[in-house]
Amino acid sequence: MALVAFESLTFSYPQGKREVLSDVNAILEPGEFVLLIGESGCGKTTLLRHLKTALTPHGSRLGTVRFDERLLTAVSSAEQARRIGFVLQNPDNQIVTDKVWHELAFGLESLGIEQAVIRRRVAEMASFFGVGTWYHRDVATLSGGQKQLLNLAAVMTLQPDLLILDEPTAQLDPIAAMEFLAAAKRINDEIGTTVLVSEHRLETAFPLCDRVLVMNAGRLIVDELPRNVGRMLAKTSDPMVAALPTAVKLALALGANSGADLRSTTENPISIREGRAYLRKKLSLACSSQVEVAEVCAGIATSPSETPAADVDVAGVATKMNAPVGESCAGAVCAVMDVGEGGDSAAGMGGSDVADVAGAGVAIATISPSGLRDITTRTVVTTRDREATSVITAQDVWFRYDKNGDDVLRGVDLKVYQGEFACIVGGNGGGKTTTLGVLSGAHKPYRGKLSVLGLDPKKASGLELFRAGLAVLPQDPQTLFMRNTIADDLGDAAAQHYKNPDERRSAVRDAATTVGITQLLERHPYDVSGGEKQRAALAMALLTRPKLLLLDEPTKGMDNPVKTRLAELLQQLTADGLTILMVSHDVEFASVYASRCLLFFDGSVVAEGTPREFFAGNSFYTTAANRLGRGLVPGAVNVTDLVTYCRSLPLKATISQDANGGAR
Amino acid sequence: MRNNEDAFSTLHPTVVFGHFVTVVGVSVVFLHPLILAVSFVGALAYVCYLKGWSGIRKMFPGVLAMMVFAALFNPIFNHRGMTILCYWYDNPITLESILYGLAASLMIGAVLLWFVSYNQVMTSDKFLCVFGRMIPALSLTFSMVLRFLPRYFVQAKHIAAAQRGIGRDVFSGSWYARARHGSAVFSIMLTWALENAVDTSDSMLARGYGLPGRTAYTDFRFRQRDLAAGVTLGGGLLVVIVAIVAGVLRANYFPIFDLNAASYLSWLVIAVWGLICATPLIMGLREEAVWRSLRLNL
């Protein structure tokens, strides 16, 4: 007996030409934990909102939604309020009242439940979520993670049968996100509530869920067990492939999952732990003669048809994986990738390609555990060369918000060099954002030396720093827009430097082209997606002709494809000479795109280096691929490193293993 | 927050609110010097108890200034009264108006001090508890205002900071530029607020807001102790009101200052009034004494 059933649901907004949902058929069984994924704008939110009449958007609709064997529209609003719980993305906007206890009681008040019952339900939920310690607090004093947990608890007081979570962790830092998802899982496990959650953090969400629904442009393209999703998705050209958990991507690239035993954790890993077991198995099957490696590779280069069929299936995946190999080892490593994917690329290979591949076969012999290290030392040297042109210098900077408060920055030493894309990572409360404030002159440190673009932010008055070429983008780009169209906002931003209206117009057009929003110029800045808002804000900043750009969490709430687009843009800008300092929780993003990473903890920089040396040196605060390969594949920072390493080992063993898998 | 509340603050909000209405109401309505003096001393002592000396030092100068202003204002502008003491710019300064000014000044001092402690004791959720039952809609509105007003201020700060980040500073530049940037912040605020209100209303609808028969939950429970305190305070208030209406305590300022002669009865009424004003302090001190004895017994 299904709790929810979508039956050929098709929907489009009024005057909208395209269908936002087209022919969606899906069923939720009671007690399931179902994950809904898909690129931004693919219709996830629209689909979720169809599960509550009060939130369902207006538009033309075909097909039906059934809840508990009845048409949803026939279920009374009171019953819907009680039995279907909904948590939205923004933690702050959902909270209605000023006290935690009042918020917990809000839904029960609406249903007209009497005091004693409310008291009991609220008490139960506060205990279940560990709200006890902040039960009496003002909502404004809670952290983002606590706020979102409060939203969840406030819905759970109604004891719903179905819990719908619409990107609930998009605005949270990684730790709070993990806690939130764990709480959702606990509700599912211990209370038996059916959960339907849309998420971008697949690394965490995949191992938790029972089933995954994948949407693409309004269609439900995959409805599978988590272990099968990778294989099913790889057959399509869906951008979500790049967002899959590291273990799934690794297994895809190494050509497992030939369909033998779908429930086998070692052949279809989805978590880091399973990924490690999978990797261990792969490695133990391979012997370690380096000479043999080169031979095998050369063999594939000359006769690509030998590549096993399993690889053909997966070949496209690695290219979609968009995990650019960082730094200078890119040349060698990418060539190696081509070797592995010979089955796909062989057809297009001209004579020179073959020569490249042969060269890579030689290069591969040097990629041993120590090989990756060799490469990192080389990048450090180039960093030192740039010493002369540092754009930001901070020496022993101390700052606190008020005289009797605690120090937020405790001796920050940092340098950012010309043309660099530096990234400050670290947990909450480490002082990352405060550092940006200090560098931009918003906060005045009480000790230490500072130099930004040759000026001292402590002494620079008013807008001096900004005239010298500093631009800061806030976490929330909405705080920048004030006009009715993006074009007008960009025009305002340009007014400072481009006095002539014609010049200004062309400058606006140029900036819009650079960030790729020309088609959005006449739209209202609030009507575009989060990623587009971020780009428009970036265009505004660029129109002030900055030399140094400070970014605060630019990837917050973005899904993988959108992040990639932003990263490419930022890299383009640094290539053109702009210096970027970014603050982020997003370790994966920093590991792939930053040129240097700095770890902030307890108010100062505790470690720094190129992403490769930085993340290879960390054990826990690091990329999923590094954790997956820890102790097995030394120095690996992203999936490509893992794949390369595995392929660099004698392939015959692996190939035969795959062949066996296929035959089984 | 409900940490470290004194004994009086832990009473049910309706009792606490009733007490404040009583002390402030009687002080404002009956300008009897003794009533006022007792009220003033009671209020001052309770503020001292709540905030300690450092707290008193911070706010007392302001209260004193208001009191001095009231004491001076009345004789200068009010020329009623029989006993002319002197002339000031051809205007008579009367004894009665001076005394009336002093009484008014005591009254203002007492009321201000009661409000200082009221501010600390009657938190917004207690206020809501008192009014929520009468008008549930109002209680929710009030709670939402308390939630959103501070948020708007915080957001205005964020916007000003963000605008500065792309070279528009609300706090520098020409007068015209600052005004323009200031209005920009306001305009962004407005759009932002409207945009986010959509989310809030979705969240309210999702939790059944708008269904008929909404109740107003309060986290406070009316206990035996609250009933006892309420009845005692009510009885005391009745005594004082009856005594004043019956003329046991009477004070006339104009045309001539006149108090009725002291009687046992009037002293008794003053004593009852004193008890009412001192209740918060007595409750606090009593509980501290209990704590001390408990510690001694350990």
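Model, not experiment: these values are computed from the prediction. Reminder, nothing fancy here: chain letters follow the sequence lines and each chain counts from 1.
Contact of A/Leu436 with chain B is not made at all, since no heavy-atom distance falls under 4.5 Å. Within the 4.5 angstrom heavy-atom criterion, no atom of A/Leu550 approaches chain B. Of the two parts of B/Phe142, neither the backbone nor the side chain holds a non-hydrogen atom closer than 4.5 Å to a non-hydrogen atom of chain A. Heavy-atom distances place the side chain of A/Leu88, and not its backbone, under 4.5 Å from chain B. No part of A/Ala537 comes within reach of chain B, as not one of its non-hydrogen atoms sits under 4.5 angstrom from that chain. Both the backbone and the side chain of B/Ala206 have a heavy atom closer than 4.5 Å to some heavy atom of chain A. With a 4.5 Å cut-off on non-hydrogen atoms, A/Arg49 touches chain B through its side chain but not through its backbone. With a 4.5 angstrom heavy-atom cutoff, B/Thr200 touches chain A via backbone and side-chain atoms both. A/Leu480 touches chain B through backbone and side chain together, each having a heavy atom under 4.5 Å away. Neither the backbone nor the side chain of B/Leu190 comes within less than 4.5 Å of any heavy atom in chain A. In this structure, the portion of A/Asp476 lying under 4.5 Å from any heavy atom of chain B is its side chain and not its backbone. With a threshold of 4.5 angstrom between heavy atoms, A/Asp489 approaches chain B through N, CA, C or O but not through any side-chain atom. Contact of A/His524 with chain B is made through the side chain alone, with heavy-atom distances under 4.5 Å. Both the backbone and the side chain of A/Glu103 come within contact range of chain B, each with at least one heavy atom under 4.5 Å from a heavy atom of that chain. There is no contact between A/Leu543 and chain B, counting heavy-atom distances below 4.5 Å. In this structure, the portions of A/Ser77 lying under 4.5 Å from any heavy atom of chain B include both its backbone and its side chain.
Summarising the geometry, atom OH belonging to B/Tyr217 is positioned 11.0 Å from atom OG1 belonging to A/Thr157; distances are rounded to the nearest 0.5 Å. Here CZ of B/Phe220 is found 6.0 Å from CH2 of A/Trp101. Values are rounded to the nearest 0.5 Å. One finds the CG atom of A/Leu465 at 7.5 Å from the CZ atom of B/Arg164 (value rounded to the nearest 0.5 Å).
Taking B/Val154, B/Asp202, B/Leu128, B/Leu140 one by one and counting their heavy-atom pairs under 4.5 Å with chain A, the maximum is reached by B/Asp202. Ranked by heavy-atom pairs under 4.5 Å with chain B, the list A/Gln94, A/Gln89, A/Glu109 is led by A/Glu109. Most heavy-atom pairs under 4.5 Å with chain A: of the set B/His158, B/Arg147, B/Glu195, B/Arg151, this distinction falls to B/Arg147. Counting heavy-atom pairs closer than 4.5 Å to chain B, the top-ranked of the candidates A/Thr544, A/Ile113, A/Asn90, A/Ile118 is A/Ile118. Taking B/Asp199, B/Thr218, B/Thr215 one by one and counting their heavy-atom pairs under 4.5 Å with chain A, the maximum is reached by B/Thr215. When the candidates A/Thr53, A/Val155, A/Val139, A/Leu111 are compared by the number of heavy-atom contacts under 4.5 Å with chain B, A/Val139 comes out ahead. Of the listed residues A/Gln475, A/Lys52, A/Gln478, A/Arg483, the one with more heavy-atom pairs under 4.5 angstrom with chain B than any other is A/Lys52. Listed options B/Val145, B/Leu205, B/Asn196 were ranked by heavy-atom pairs under 4.5 angstrom with chain A; first place goes to B/Asn196. Contacts with chain B were tallied for A/Pro477, A/Ala442, A/Ala541; A/Ala442 has the most, counting heavy-atom pairs under 4.5 Å. Between chain B and the residues A/Ala78, A/Gly85, A/Pro546, the largest count of heavy-atom pairs under 4.5 Å involves A/Ala78.
Within 6.0 Å of the NZ atom in A/Lys444, the count of heavy atoms belonging to other residues, nucleotides or ligands exceeds 12. Shown here is B/Met66, whose CE atom has no more than 12 heavy atoms of other residues, nucleotides or ligands within 6.0 Å. Counting non-hydrogen atoms of neighbouring residues, nucleotides and ligands closer than 6.0 angstrom, the CZ atom of B/Phe115 reaches no more than 12 such neighbours. Within 6.0 Å of CZ on B/Arg225 lie more than 12 heavy atoms contributed by other residues, nucleotides or ligands. At most 12 heavy atoms of other shown residues, nucleotides or ligands fall within 6.0 angstrom of atom CZ in B/Phe186.
A salt bridge does not link B/Asp219 to A/Lys99: none of the charged side-chain nitrogens sits closer than 4.0 Å to a carboxylate oxygen.
Looking at every heavy atom in both residues, B/Tyr209 comes nearest to A/Phe106 through CD1-CZ, 3.8 Å. A/Thr479 and B/Ile188 get closest at one heavy-atom pair: O-CD1, 3.5 Å. The nearest pair of heavy atoms linking B/Gly208 to A/Ser110 is O-CB, 3.2 Å. The two atoms that bring B/Ala216 and A/Gln115 nearest to each other are O-NE2, 2.9 Å, heavy atoms only.
For the residue pair B/Ser143 and A/Asp98, a side-chain donor N or O sits within less than 3.5 Å of a side-chain acceptor on the partner. Looking at A/Asn151 and B/Arg207, their side chains never bring a donor and an acceptor atom within 3.5 Å of each other.
For the pair A/Val96/B/Ser203, a side-chain contact is recorded, criterion being any heavy-atom separation below 4.5 Å from C-beta on. Contact of the B/Thr191 side chain with the A/Tyr526 side chain is registered, since non-hydrogen atoms from C-beta on lie closer than 4.5 Å.
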